[in-house]
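All heavy atoms count here, side chains included; hydrogens, waters and symmetry mates do not. All values reported here derive from a predicted model rather than from experimental measurement. Numbered from 1 within each chain, the chains take letters A, B, ... in sequence-line order.
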Number of protein chains: 2
Amino acid sequence: MRRDVFQAIADPVRRDIIQLLSQKTLSINEIAHQFDVSRPAISKHLKILNECGIIDIQQQGRERYCLIRPKSLIPAFLWVEQYQSLWEEKIDSFEAYLKQLQAKSKNDNKNE
Amino acid sequence: MRRDVFQAIADPVRRDIIQLLSQKTLSINEIAHQFDVSRPAISKHLKILNECGIIDIQQQGRERYCLIRPKSLIPAFLWVEQYQSLWEEKIDSFEAYLKQLQAKSKNDNKNE
DNA sequence: TATATATGTAACTATTCGGTTACACAAATT
DNA sequence: AATTTGTGTAACCGAATAGTTACATATATA
């Protein structure tokens, strides 16, 4: 199965977990209490996040604390960032296409 | 079914399609030719990208051209970007935790 | 020592995903 | 008019997802 940062952040629950852990290290139960889904479901999400290197889990007595490893998000950031210049041109290629059509139509009128 | 930008970019084929379209507008067949998977499979990916607003499809004769709408990626960018300060502290909380442990151990030694 | 707590995990389920092949159909070409 | 080309889509398939309940186990507490 695919197991990378893009797949990890695709799920909204996992994004919420990342959000929580960015504020504070939490035990697995503490995390699970914040969600409507069952603890085993959260456990599965944490396992995935752990396998993707997004969190690290530290045993402490009978509790296991989850710590975020924010650097793991850098690849996702870099991937999206490469398109920043495109959207910062303030014009989608769709809009560019429309503009081009308008220009073409203007030109056609000229030639009538 | 969930249909958002995070789910859209979770698949590597879709990320490759986005990459292609960021260079150049292409027809559906032109896109399909660049991949090993079948044309219907690519069609499905394009449908998803379209439903997420990442691409726009323009009919032209019997061909359909796909145009990227880069602004649609901004939400994903913003989501990842909010953690930039965390990873730019050049220290994961995991590493911070280890440092803390080391400091603690040093302190314990002092108190022996 | 008995009990409560924190967690893992197995077994199961329904749904979605990503792919396929086969076929339909409209537009372009011959 | 017949053929080729570009595309949509239905039907199917196996694997992955996201969840559940039930049970096991280790640690902490009374």
Side-chain angles (χ1 to χ4, degrees), chain A residues 1-21 24-68 76 94 97 101, chain B residues 1-21 24-68 76 94 97 101:
Chain A
M1 58 203 93
R2 216 167 0 104
R3 200 111 299 181
D4 59 37
V5 64
F6 294 100
Q7 186 257 353
I9 66 174
D11 185 90
V13 172
R14 285 196 290 270
R15 286 199 301 280
D16 287 346
I17 292 176
I18 290 172
Q19 178 65 52
L20 279 175
L21 293 178
K24 193 164 177 294
T25 288
L26 294 170
S27 76
I28 290 178
N29 259 357
E30 285 169 341
I31 295 169
H33 283 323
Q34 313 258 1
F35 296 89
D36 284 336
V37 297
S38 68
R39 183 190 51 77
I42 296 296
S43 251
K44 282 190 185 179
H45 284 306
L46 293 173
K47 194 174 188 178
I48 290 171
L49 290 172
N50 183 239
E51 284 171 1
C52 296
I54 292 179
I55 65 168
D56 202 273
I57 302 179
Q58 295 292 319
Q59 184 112 21
Q60 207 155 316
R62 66 185 162 186
E63 289 171 348
R64 306 183 82 217
Y65 283 93
C66 302
L67 310 99
I68 197 171
F94 173 56
Y97 176 81
L101 279 189
Chain B
M1 58 202 89
R2 220 171 351 105
R3 202 113 297 183
D4 59 38
V5 63
F6 294 99
Q7 188 255 351
I9 67 174
D11 185 89
V13 172
R14 286 196 289 270
R15 286 199 302 279
D16 286 346
I17 292 176
I18 291 172
Q19 178 65 51
L20 280 176
L21 293 178
K24 194 166 177 292
T25 288
L26 293 169
S27 77
I28 289 177
N29 259 358
E30 285 168 342
I31 295 170
H33 283 322
Q34 313 257 2
F35 295 90
D36 285 336
V37 297
S38 69
R39 183 192 51 79
I42 295 295
S43 250
K44 282 190 185 180
H45 284 307
L46 292 173
K47 193 172 188 179
I48 290 171
L49 290 173
N50 184 238
E51 284 172 0
C52 297
I54 293 179
I55 65 167
D56 203 272
I57 302 179
Q58 295 292 318
Q59 185 112 19
Q60 206 155 318
R62 66 184 162 188
E63 290 170 346
R64 306 183 82 213
Y65 285 92
C66 302
L67 310 99
I68 196 170
F94 173 55
Y97 177 80
L101 279 189

Whole-Å gap separating C1' (dT7(C)) and CD1 (I31(A)): 12 Å
For Q7(B), report the nucleic acid contact type (base, sugar-phosphate, nothing); a contact means any heavy atom under 4.0 Å. sugar-phosphate
Per nearest nucleotide of DNA chain D, the residue lying toward the 5' end, D36(A) or R62(A), is D36(A)
Before giving the answer on side chain to side chain contact (heavy atoms under 4.5 Å, CB included), spell out for I48(A) and Q7(A) the whole-Å C-alpha distance, their side-chain angles and the decisive distance to 0.1 Å. CA-CA 9 Å; I48(A) 290 171; Q7(A) 186 257 353; 4.1 Å; yes
Looking at dT9(C), dA18(D), dG6(D), which one has an atom nearest to any side-chain atom of R14(A)? dA18(D)
In whole Å, I'd like the distance from the CD1 atom of I55(A) to the P atom of dT7(C). 12 Å
Using the side-chain heavy atoms of I28(A), tell me which of these nucleotides is nearest: dT27(D), dG6(D), dT7(C). dT7(C)
Among the candidates dT20(C), dA6(C), dG19(D), find the nucleotide nearest to the side-chain atoms of N29(A). dA6(C)
Judged by atom type as modelled, is there a donor-acceptor pair below 3.5 Å linking the side chain of Q59(B) to the main-chain atoms of G61(B)? yes
Could you check how far NE2 of H45(A) sits from P of dT9(C), rounded to whole Å? 17 Å
For the side chain of S43(A), starting at C-beta, report the closest nucleotide among dT21(D), dT9(C), dG19(C). dT9(C)
With a 3.5 Å distance limit and no angle check, can you tell me whether R15(A) reaches the backbone of I9(A) through a side-chain donor-acceptor pair? yes
Quick one: on DNA chain D, does E63(B) or A10(A) contact a more 5' nucleotide (nearest heavy atom)? E63(B)
Whole-Å distance between dT21(D) P and R39(A) CZ? 12 Å
Whether the side chain of R39(B) engages the backbone of I28(B) through a donor-acceptor N/O pair (distance < 3.5 Å, no angle test) should be reported. no
Would you kindly give the CD1-to-P distance between I42(A) and dT7(C), to the nearest whole Å? 12 Å
Distance, rounded to the nearest Å, where E30(B) contributes CD and dG6(D) contributes C1': 11 Å
Can you figure out which of dT7(D), dG19(D), dA18(D) approaches the side chain of I48(A) most closely? dA18(D)
Between E63(A) (side chain only) and Q60(A) (backbone N and O only), is there a donor and an acceptor less than 3.5 Å apart? no
What is the distance from CG of D4(B) to P of dT16(C), rounded to the nearest Å? 14 Å
Would you indicate which nucleotide in dT17(D), dG18(C), dT20(D) comes nearest to any side-chain atom of R3(A)? dT17(D)
What nucleotide among dT7(D), dA18(D), dT20(D) has an atom nearest to a side-chain atom of P40(A)? dT20(D)
Is there a side-chain contact between S38(B) and the phosphate of dT20(C), meaning an N or O under 4.0 Å from OP1 or OP2? yes
Looking only at dT20(D), dG6(D), dT20(C), the nucleotide nearest the V37(A) side chain is dT20(D)
Write down the distance between CZ (F35(A)) and P (dG19(D)), rounded to a whole number of angstrom. 10 Å
